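To keep things clear, I will list the structure first and then write my remarks on it.
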Amino acid sequence: MIDLNLLRENPEAIKASQRARGASEDLVDQAIEADAAWRSALQNFETLRAEQNASSKQVAAAPKEEKAALVAAAQELAAKVKAAEANANSAAETRDKILWQIENVVIADIPSGGEENFEVLKEVGTKAKFDFEPRDHVALGELLDIIDIERGVKVAGSRFYFLKGWGARLELALMNMALDLATKHDFTALITPTLVRPEVMAGTGFLGAHADEIYYLPADELYLTGTSEVALAGYHRDEIIDLSNGPLRYAGWSTCYRREAGSAGRDTRGILRVHQFNKLEMFSYVKPEDAEAEHLKLLALEEAMLQACELSYRVIDTAAGDLGSSAARKYDSEAWVPTQDQYRELTSSSNCTTFQARRLNVRYRTEDGKTATAATLNGTLATTRWLVAILETHQQADGSVRIPVALRPYLGGQEVIAPK
RNA sequence: GGAAGCGUGCCGGAGCGGCCGAACGGAACGGUCUUGAAAACCGUCGUAGUUAAUAGCUACCGUGGGUUCAAAUCCCACCGCUUCCUCCA
């Protein structure tokens, strides 16, 4: 949720952000109006309630013979209070409904425009070149007997797969390497629930326009999370956390579930876009003034992982129109996928400023003892999808795949995955 | 799944329908004392909304409803916890 004070004091800033996103500016005016209406309804109610409280005290103090008359008067007042309260409540509801639709205020210097208007911040490494016809990850997975898509589909439907043998181990190796890196940088490992309550899912901002991306279990009123970010954001919900010793950092491991509604026909081949995968996610709670620096820290760790996997990649600053509703800025890093002749997203790191924390009511204590809304950030350190880039980049003419040096310790020293 | 009990502030723990935002104890913080510390003593010590206001007012005692002029206190539902039984690893 956006900051109410900002709405009252500088609605133009919010409008400018909505404009950059290609979202509704009108919502901002509606919110201001609804806020004013709520405030006046609230004051009306509070005045009446104060009267009622006073008259109740009179009743209590009055001598017996006067009580009946006082109670009669109080009864009338009680009815008024009830109506005024209902009024104030519905005004608050109206206001909140509008407020929750307004997306996070973007950081001023990010590119505006849509998906294609990103800015490339850097390109790192050299794109893999082959003196043979490179196989795509599906072919490699089959040849090496490490990815079994056919049986995944048989068991669970399209966009499901089995990782087998070295494929399974490679994924675990990747997760473990990521976890080691994160742990070294002050992130606490956390294995998270993958089912969450509606309040948590809504609080993280995932139930907006893209709600149909999410699996929902109506019988239990639970959502399956598409990223451990959801559980990690909910972890400190309704808490006043201690940031006096620096940020709280978590490395969350979980399986992730995505319906991929609306992407029918896209990336249907292989394990690039699937309904279920594993991910190691960094998540930081920081003071708002530290958020941008933390964002760069997350990005640096992501790059360290990509480099450890010996991948060629670029980093982009996502345009406003392509940001999730909670993000004020998003850096993606995309690895070169040789057989697709393009970069594909491997990590995504968002600075959600105070937007998410305000919805989830996560605060911290400032130096002068007051409470303030924390800022939250998240970023990917490894996912199943990385296997695509790793396999394709490090393949050799005979179909074997060289394992990046940094990953070998996690695979018992194995250097190559070769066809049987 | 069945039965009973319980859910109060950072923690423990009181609380007759009005005098309770809440006794008391501990922790924490500030101070006095001390060379320093401990002890002792004094004081402060929930969150949020509204408001120009750290004035006032309002709300919050698991959550949501209800009864009442008035509810932490009564009623209902739900959620959670504990114990016992059952069940199952």
Side-chain angles (χ1 to χ4, degrees), chain A residues 1-11 31-100 102 192-193 195-203 216-223 231 234-245 248 285 287-288 354-375:
Chain A
M1 194 164 80
I2 54 158
D3 184 356
L4 254 185
N5 288 323
L6 185 67
L7 177 75
R8 289 168 186 170
E9 284 157 22
N10 189 3
I32 291 170
E33 205 174 302
D35 180 49
W38 168 72
R39 281 201 274 183
S40 101
L42 182 72
Q43 280 189 42
N44 180 245
F45 158 64
E46 287 192 347
T47 310
L48 283 170
R49 173 52 67 84
E51 265 179 60
Q52 186 191 28
N53 286 345
S55 91
S56 278
K57 274 181 187 153
Q58 275 179 19
V59 171
K64 274 195 231 84
E65 56 274 18
E66 287 172 29
K67 273 200 172 152
L70 284 170
V71 166
Q75 276 171 339
E76 250 178 77
L77 190 54
K80 273 200 219 167
V81 170
K82 204 166 185 181
E85 182 173 23
N87 227 345
N89 285 344
S90 88
E93 215 173 289
T94 305
R95 182 197 65 169
D96 287 345
K97 213 169 155 192
I98 296 165
L99 274 181
W100 276 59
I102 298 176
T192 65
L195 288 168
V196 300
R197 303 165 176 277
E199 311 89 86
V200 173
M201 190 55 94
Y216 177 54
L217 277 53
D220 301 286
E221 287 187 65
L222 291 169
Y223 289 92
Y235 191 64
H236 286 300
R237 185 162 87 99
D238 290 330
E239 291 181 26
I240 298 173
I241 56 176
D242 183 4
L243 295 179
S244 62
N245 300 314
L248 295 185
Y285 292 88
K287 295 179 186 173
T354 56
F355 185 86
Q356 213 171 42
R358 190 170 292 107
R359 288 175 165 223
L360 291 164
N361 191 28
V362 182
R363 293 165 295 164
Y364 71 101
R365 188 83 55 195
T366 61
E367 271 162 35
D368 55 2
K370 297 196 169 158
T371 60
T373 304

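What you see is a predicted model, and the numbers here were worked out from it, not measured in a lab.
The distance from atom CD of A/Glu239 to atom C1' of B/U47 is 15 Å, rounded to the nearest whole Å. Rounded to whole angstrom, the span from the CZ atom of A/Arg8 across to the C1' atom of B/G49 amounts to 9 Å. Here B/G49 presents its P atom at 12 Å from CG of A/Asp35, a figure rounded to the nearest Å. Spacing between atom CG of A/Leu360 and atom C1' of B/A48 amounts to 17 Å, rounded to whole angstrom units. Atom CE in A/Met1 sits about 12 Å away from atom C1' in B/A48, given to the nearest Å. Here the P atom of nucleotide B/G49 and the CG atom of A/Leu7 are 15 Å apart, to the nearest Å. To the nearest angstrom, P of B/G64 lies 12 Å from CD of A/Glu199. In this entry the distance linking CG of A/Leu48 with C1' of B/U50 reads 15 Å, nearest Å.
As rounded to the nearest Å, B/A22 and B/C41 have P atoms that lie 25 Å from one another. Using C1' as the reference atom, B/U47 and B/C61 are 13 Å apart when rounded to the nearest Å. For the C1' atom pair drawn from B/C24 and B/G9, the interatomic distance equals 14 Å after rounding to whole Å. Separation of the C1' atoms belonging to B/C29 and B/U83 is 39 Å when rounded to the nearest angstrom. The same atom, P, is picked in B/U63 and in B/C11; the two are 15 Å apart, to the nearest Å. Rounded to the nearest Å, the gap between the C1' atom of B/G66 and that of B/G17 is 15 Å. To the nearest whole angstrom, the two C1' atoms, one in B/A27 and one in B/C10, are 7 Å apart. Annotation: B/A14 and B/U8 have their C1' atoms spaced 10 Å apart (nearest Å).
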* Structure fact -> Dot-bracket assigned to RNA chain B with the 3.5 Å Watson-Crick/G-U criterion, [ ] for crossing and | for other-strand pairs, is ((((((((.[[[..)..(.....]]].(((((.......))))).(((((.....))))).[[[[[..)....]]]]])))))))....
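Salt-bridge formation is not detected for the pair A/Asp242/A/Arg365: no Lys NZ or Arg NE/NH1/NH2 atom is positioned less than 4.0 Å from an Asp or Glu carboxylate oxygen.
Contacts of residues 70-86 of chain A with RNA chain B (heavy atom under 4.0 Å): A/Val71, A/Ala74, A/Gln75, A/Ala78, A/Lys82.
Between B/U47, B/A70, B/U51, one nucleotide has an atom nearer to the side chain of A/Arg363 than all others, and that is B/U47. When distances run from any side-chain atom of A/Arg365 to the nucleotides B/G18, B/U47, B/U50, the shortest one goes to B/U47.
Here the straight-line distance linking atom NZ of A/Lys82 with atom CZ of A/Arg49 works out to 11.0 Å at 0.5 Å rounding. Distance check, rounded to the nearest 0.5 Å: CG of A/Asp238 to CG of A/Leu360 gives 8.0 Å. Interatomic distance, CG of A/Asp3 versus OG1 of A/Thr373, reported as 7.0 Å (0.5 Å rounding).
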* Could you go step by step and tell me if A/Glu51 and A/Glu46 meet the side chain to side chain contact (heavy atoms under 4.5 Å, CB included) rule? -> CA-CA 9 Å; A/Glu51 265 179 60; A/Glu46 287 192 347; over 6 Å; no
* Residue pair A/Arg237, A/Val200: steps toward the side chain to side chain contact (heavy atoms under 4.5 Å, CB included) verdict -> CA-CA 8 Å; A/Arg237 185 162 87 99; A/Val200 173; 3.9 Å; yes
* Asked: Passes side chain to side chain contact (heavy atoms under 4.5 Å, CB included), A/Leu222 versus A/Val196? Steps please.
  -> CA-CA 5 Å; A/Leu222 291 169; A/Val196 300; 5.9 Å; no
* Decide yes or no on side chain to side chain contact (heavy atoms under 4.5 Å, CB included) for A/Arg363 and A/Glu239, but give the supporting numbers first. => CA-CA 6 Å; A/Arg363 293 165 295 164; A/Glu239 291 181 26; over 6 Å; no
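Looking at A/Arg95 and A/Arg39, their side chains never come closer than 4.5 Å, going by heavy atoms from C-beta outward. Residues A/Leu7 and A/Leu99 have side chains in contact (heavy-atom distance under 4.5 Å, counting atoms from C-beta outward).
Along RNA chain B, the nucleotide closest to A/Arg39 and the one closest to A/Ala372 are compared, and the more 5′ of them pairs with A/Ala372.
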* Footprint string (nucleotides 57-62 of chain B, 5' to 3'): B base within contact, S backbone only, - free, heavy atoms under 4.0 Å -> BBS---
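At a threshold of 4.0 angstrom between heavy atoms, the contacts of A/Gln58 with the nucleic acid are absent.
For the residue pair A/Gln356 / A/Arg359, no side-chain donor-acceptor distance below 3.5 Å is found, with atom types taken as modelled.
Counting heavy-atom neighbours within 6.0 Å of A/Arg197 CZ, excluding the residue itself, gives a total of 12 or less. Open room surrounds CD on A/Glu33; 12 or fewer heavy atoms of other groups in view lie less than 6.0 Å from it.
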